[in-house]
Amino acid sequence: MTGASTPFLRVEGVRKSFFGVTVLHDVSFAVEAGKALGLVGENGSGKSTSMNILGGVIQPEAGSMFLGGEAYAPADPKQAAAAGVAFIHQELNLFHNLTVEENLFVDAFPRRGVLPLIDRRAIRASTEEVLAEVDLQVKPSTLVAKLSQGERQLVEIAKAVSRNARLIIFDEPTTSLTRPEVERLFAIIERLKQRGIAIIYISHALEDVISVCETITVLRDGHLAGTAPKDDLTLQQIIAMMVGRSIDTIYPQRLRSGGGDRIFSVSGLSQPGVAENVSFDIRQGEIVGLSGLMGSGRSELARMIFGLDPFRRGVITINGKPLNDPTPRSAMDAGIAFLTEDRRGEGLLMDFTVSENTVLASLRSVAGALGILDKRAISRVSLDMASAMRLSTDRVDDTQVKHLSGGNQQKVVIGKWLRRQPVLFILDEPTRGIDVGAKQEVYRIINGLVERGSAVLLISSEIEELMGLSDRILALSRGEMVGSFDSKPFDREAIMAAAAGVGKLEAAE
Amino acid sequence: MKIGSRALLLILQNAPYILFVVLLVVFGLMSDRFFAIANFRNIIIQAAPIAILAIGMTFVLLTAQIDLSVGGIMYLTATVLALYMTGAPWPVGLAAVIFMGGFIGALNGVVVTRLGVASFIVTLATLFILRGIAMYLSNTRTLMFGDEILTLNRATVLGIPSAIFAFLVVFAVAWVILHQTPFGRQVYAVGGDPEAARKAGLPVARIVFFCFVIAGICAGVGGFVSITQIGAVGPKYGDQIEFSAIAAAVLGGVSLFGGRGSVAGTVFGAILIKSVQNGLNIINADPYIYPLVTAAIIFLAVAIDGLRTRIIERLERRTIRPVSVE
Amino acid sequence: MTAVPPAHIAQSAIPRSGMGRLLKLVLSEYFILVLCLLYVAGIYPFVPEILTWGVWSNILGDMMPLLVVAIGQTFVLIVAGIDLSITAIISMAAVVGASVMTGTGGYLSGSAAAVPIAILVMLLVGVGIGFINGMSIVWLNMPSFIVTLATRMFFAGAAIWFVTFHSTSSSIADLPRSFSNFSTGSFSGIPYTVLVVGMIAVVAHVFLSRTRYGRWIYAVGANPKAARVSGIPVERTIMMAFLISGACASVAAMIYAARMQTGSPIAGENILLDVIGAVVIGGTSLFGGKGKIIWTVFGVLFLVILDTSMKLLGASLFAIYIIKGSVILLAAMMDTLRNRILAER
């Protein structure tokens with residue numbers, strides 16, 4: 001592609017579909033040994049599918065892959081690992097109750113002769129060697145539980161190195177790292193390149209991608225949007241390639257927007273290590289977007305407001321009344337609703353039916369004397385919810401939510417909160433993991449909500465979504481408010497820069 | 001504030017040991033007989049059977065499973081020994097007990113790992129079944145052992161009483177297995193994060209299976225040591241001992257949720273429980289309060305552990321910005 | 001994601017063949033009841049007495065203490081806890097209650113208020129120990145298994161100790177006739193115990209399945225995080241389950257004490273594993289979020305029928321043990337299989 005040398009990994013015309021929906025259309029890319037390829041794209045663009053194919057988790061329907069000149073078609077993750085392909089996922093796969101050296105060898109301990117005893121000396125020596133390689137200065141006998149997140153990641157990299165990985169794939173490696181840890185990671189990646197290891201680097205933090213990679217491949221809606229050396233690309237061009245469509249067609253117009261009374265405010269919210277002096281307010285009928293990288297404290301801020309996490313200082317006011325020491329119950333009573341980013345873990349009871357989930361946050365309204373529930377009322381309000389949300393099923397009383405698609409599950413979560421007619425609805429990643437059609441419906445529901453006078457705090461890692469929906473966008477970086485953007489059209493670059501904690505702080509005021 | 005928490009953590013982490021020392025001092029002050037060497041030897045002899053049982057239990061608990069059937073294994077193996085192997089030399093008896101215990105443990109393990117039934121229920125059921133079989137074989141009588149077994153109680157190895165020797169051997173073997181073999185470390189891995197273990201390609205089912213086998217073997221051996229001391233086996237033999245074994249392990253820092261603890265801690269837990277009973281005995285305490293004190297100590301140790309976990313969680317809460325000095 | 005079939009299609013996919021009907025039966029929640037009927041039919045040729053009124057009134061009488069404890073345990077298991085202390089609660093409540101009302105040296109010996117106050121005290125003991133359990137789990141962050149194991153050891157020992165202050169024998173006898181009436185008397189043909197436990201069962205059933213507090217219990221057991229985000233007071237809900245379990249156990253203490261006319265510290269000593277076994281046979285999950293009172297009724301019924309028929313057959317204790325264990329094991333395997341089939345559908 002770029003140089004004269006043949007690429008170490010070549011992916012050619014790979015196609016994959018699930019349930020008849022094609023999610024990857026003839027995608028091709030290549031990495032040279034000792035070079036890094038940046039793979040970028042919005043959620044749902046096909047990045048994770050590509051990586052699952054590379055890792056042998058799923059198999060492509062068409063296309064071919066070559067690794068080191070040989071055909072490469074891993075049938076399972078083990079074969080991929082044996083071929084020298086290693087993954088550094090966002091969630092690390094380490095055992096916290098084992099030591100660093102034990103983690104490196106846990107599935108293949110070297111033995112002392114014929115005895116089933118671990119050759120401690122051997123693993124100590126080789127561990128020290130690879131730890132030096134990744135510049136991690138901890139004793140091999142340290143428990144992983146005692147390491148910081150950044151150090152744990154280096155252990156994972158050391159594991160890849162010790163297995164003689166020839167291609168290492170980093171998936172959002174910087175989200176939970178501090179800046180010095182990020183710098184250290186980049187230095188290690190540089191060193192890995194020098195050893196001739198090929199790198200694929202996936203991240204939403206485009207600045208990072210540009211500084212680490214030689215070549216950048218952009219995916220969009222399962223298609224290859226383009227590949228170019230990084231020197232030929234500007235940040236704007238990358239973003240344009242990622243989005244590639246007009247925002248107006250996806251984000252429905254609202255009849256009236258913003259401009260009501262100030263209904264909710266946060267002032268001076270602080271919690272050591274999480275948030276510092278955060279202040280903002282939201283008006284009735286307004287959507288305020290909260291922009292920030294993962295790990296910027298946006299979800300933590302929402303959790304503090306909703307009473308799920310503690311905070312040291314600060315005043316939350318809703319409807320003119322202070323909300324002191326909020327708990328989820330008191331926050332709900334004050335009129336706050338909260339859609340968490342973890343739909344399966346916190347949003348729904350997956351084994352329970354649609355109607356059971358629908359009324360879970362508003363049981364009192366369907367209960368009579370002694371808390372006896374009115375089953376008919378539950379069915380009725382759940383059916384109402386299902387038709388208002390355009391749910392795929394109307395068998396609300398005997399459909400478990402785990403049988404619904406992601407988009408329909410999300411509609412149930414939203415419907416459950418709308419039953420409380422919230423004054424303020426906090427939406428944390430409301431469209432994560434759902435398809436484009438469902439996304440549009442969620443947008444329509446959000447618009448309907450604010451048209452009826454609710455206020456919305458919208459958290460999203462998709463900048464386009466924030467820009468398409470919000471009346472105002474706040475940028476959060478490392479627990480601090482670093483910018484507020486009022487005017488449409490929004491200055492995308494300025495918002496991204498503020499959220500990334502670089503560049504100008506106040507822009508486009 | 002952080003330094004204060006760390007210091008508190010250090011105290012909490014060693015709470016069972018601090019508790020132990022305090023109890024020793026209290027008993028020592030109340031009776032000078034408590035600190036006699038002979039008394040310590042007695043404590044360890046008394047603790048040996050339960051410690052051996054609890055060591056086996058530790059393997060199972062480390063994988064986040066539970067074995068309620070150990071008392072049944074103990075009773076059945078001892079009964080078989082008393083009925084059918086009266087004339088056999090004791091090493092044959094011991095080997096038979098090990099074999100039977102391992103076999104029953106394997107049955108537990110198969111049902112848990114192959115059929116995927118919760119170990120609580122599986123071993124609860126086998127507890128009933130094993131006790132039933134043992135009662136059937138013995139006709140619910142109390143069976144006496146011959147001299148071949150009884151003399152073992154007074155026997156010594158290298159000057160060490162046989163019960164202590166057996167206990168030390170089991171402890172040493174278990175320690176080596178858990179800390180120095182690939183299997184042992186994988187036991188910790190499986191208990192610490194079963195999902196990650198599966199992803200790392202560890203044979204999770206096989207590891208859990210062998211932990212049940214080990215628990216079965218330890219139950220057999222612990223029962224064997226116990227009969228050398230009691231000299232008889234009856235329908236109440238090993239009754240409710242599963243709870244004592246679990247208590248000893250938990251007292252020694254083994255987590256019921258898997259992945260945390262060690263056999264050294266378990267042994268300490270068993271000795272702590274027996275020391276308390278011995279100390280209460282020596283100071284002529286009302287025997288009725290023995291279980292009360294034991295229960296209170298277990299409760300205290302676990303309450304402290306809960307507090308410790310909470311502090312660790314607070315200390316390790318993810319921060320996204322440097323904590324400013326207040 | 002879009003291609004996940006709507007659930008109603010998946011649900012009507014059971015074939016209408018004989019095999020399909022059998023599968024449907026196995027998967028139905030009345031499976032254990034059907035097993036009971038099949039068992040009785042199968043055992044009838046060997047013990048025809050099984051279908052006599054006398055035997056059934058025995059079965060019913062034996063069921064009551066077990067059932068009331070099992071109802072409490074059902075609540076605890078649904079919130080993903082376990083209560084091992086129930087037998088100790090029974091012992092403690094029995095001896096403390098007896099110490100109040102016994103004719104020989106009781107605190108209120110001979111007084112008209114003795115029995116009502118004793119009943120109140122027994123309830124208080126149960127609820128009090130339940131409170132200690134709940135408090136330790138909720139506030140001290142302790143696993144319920146260990147908490148209730150410790151309180152079990154403690155109060156079982158305490159009950160025996162307590163008796164030594166009130167009696168020279170190992171139990172407190174000479175309870176008033178008006179109290180022991182509870183186990184012998186009846187109201188228009190229905191024994192008091194059946195009446196009381198039946199009412200408790202109905203109330204528990206309504207509470208669990210029809211009230212919002214019931215929904216709290218299921219939600220907390222299924223997913224405490226999601227329950228918390230939905231505004232459910234998780235701590236209070238867990239506490240509630242253990243209080244209920246304690247209260248239920250003290251009712252069992254009343255039944256045992258009335259039946260023996262004695263407050264014995266070993267009353268109900270051996271029923272712990274029967275209780276948990278019965279609840280799990282009924283289909284309530286050990287991992288929380290799933291269970292029903294009616295299932296527990298079936299589970300207890302099954303275990304008691306088994307017990308009674310074995311005794312009628314002249315089986316010895318060991319045979320009962322072996323069979324009971326095998327049945328618990330089989331039922332658990334069946335339940336695992338059922339869940340697997342349900343999950344695959």
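Below, read A as the first sequence line, B as the second, and so on, with proteins coming before strands; counting in each chain starts at 1.
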Distance in Å, Trp161(C) CH2 paired with Tyr290(B) OH, rounded so as to fall on 0.5 Å steps:
12.5 Å

Name the region of Phe257(B), side chain, backbone, both or neither, that has any atom closer than 4.5 Å to a heavy atom of chain C.
side chain

Is any residue of residues 295-310 of chain C within less than 4.5 Å of chain B by heavy atoms, and which ones?
none

Under a 4.5 Å cutoff for heavy-atom pairs, which residue among Leu337(C), Leu140(C), Leu273(C), Leu272(C) has the most contacts with chain B?
Leu273(C)

Below 4.5 Å, heavy-atom pairs only: which of Pro143(C), Ala331(C), Ala319(C) has the largest tally toward chain B?
Pro143(C)

Checking heavy atoms, do the side chain of Asp239(B), its backbone, both or neither come under 4.5 Å from chain C?
neither

If one checks every heavy atom of Leu286(C) against chain B at 4.5 Å, the contacting part turns out to be side chain

Which one of Val111(B), Thr126(B), Ile133(B), Val117(B) has the most heavy-atom pairs closer than 4.5 Å to chain C?
Val117(B)

Dump the intermediate steps for side-chain contact (heavy atoms from CB on, under 4.5 Å) on Phe120(B) and Phe145(C), then the final yes or no.
CA-CA 11 Å; Phe120(B) 185 95; Phe145(C) 187 94; 3.6 Å; yes

Nearest-0.5 Å distance that lies between atom CD1 in Ile160(C) and atom CG in Leu292(B):
9.5 Å

Taking side chain as everything from C-beta outward and backbone as N, CA, C, O, which of these in Ile297(B) sits under 4.5 Å from a heavy atom of chain C? Side chain, backbone, both or neither.
neither

Residues of residues 70-96 of chain C within contact distance of chain B, non-hydrogen under 4.5 Å
Ile82(C), Leu84(C)

With a 4.5 Å limit on heavy-atom distance, are the side chains of Ile328(C) and Ile121(B) in contact?
yes

Heavy-atom pair of closest approach, residues Ser136(C) and Phe299(B)
OG-CZ, 3.1 Å

Could you tell me whether the side chain of Asp274(C) reaches within less than 4.5 Å of the side chain of Phe128(B), counting heavy atoms only?
yes

Taking side chain as everything from C-beta outward and backbone as N, CA, C, O, which of these in Phe287(C) sits under 4.5 Å from a heavy atom of chain B? Side chain, backbone, both or neither.
side chain

Largest heavy-atom contact set with chain C, pairs under 4.5 Å, which of Asp286(B), Leu137(B), Asn139(B):
Asp286(B)

Which pair of heavy atoms, one from Pro291(B) and one from Met153(C), lies closest together, and at what distance?
CB-O, 4.0 Å

At a heavy-atom separation under 4.5 Å, does Leu115(B) approach chain C through its side chain, its backbone, both, or neither?
both

Atom CD1 of Ile129(B) and atom NZ of Lys324(C): how far apart are they, to the nearest 0.5 Å?
12.5 Å

Show, in sequence, the C-alpha distance, side-chain angles and deciding distance for Arg152(C) and Gln240(B), and conclude whether the side-chain contact (heavy atoms from CB on, under 4.5 Å) test is met.
CA-CA 12 Å; Arg152(C) 167 192 164 84; Gln240(B) 310 263 337; 2.3 Å; yes

Against chain B, label Ile323(C) side chain, backbone, both or neither, depending on which of its atoms sit under 4.5 Å from a heavy atom there.
neither

Would you call Thr140(B) and Ser316(C) a side-chain contact if the rule is heavy atoms closer than 4.5 Å?
no

Closest non-hydrogen atom pair between Tyr321(C) and Arg131(B), with its separation
CD2-CB, 3.8 Å

If you count heavy-atom pairs under 4.5 Å with chain C, which of Ile298(B), Leu256(B), Val122(B), Ile246(B) comes out on top?
Leu256(B)

Okay, Leu130(B) and chain C: the region with an atom under 4.5 Å from a heavy atom over there is neither

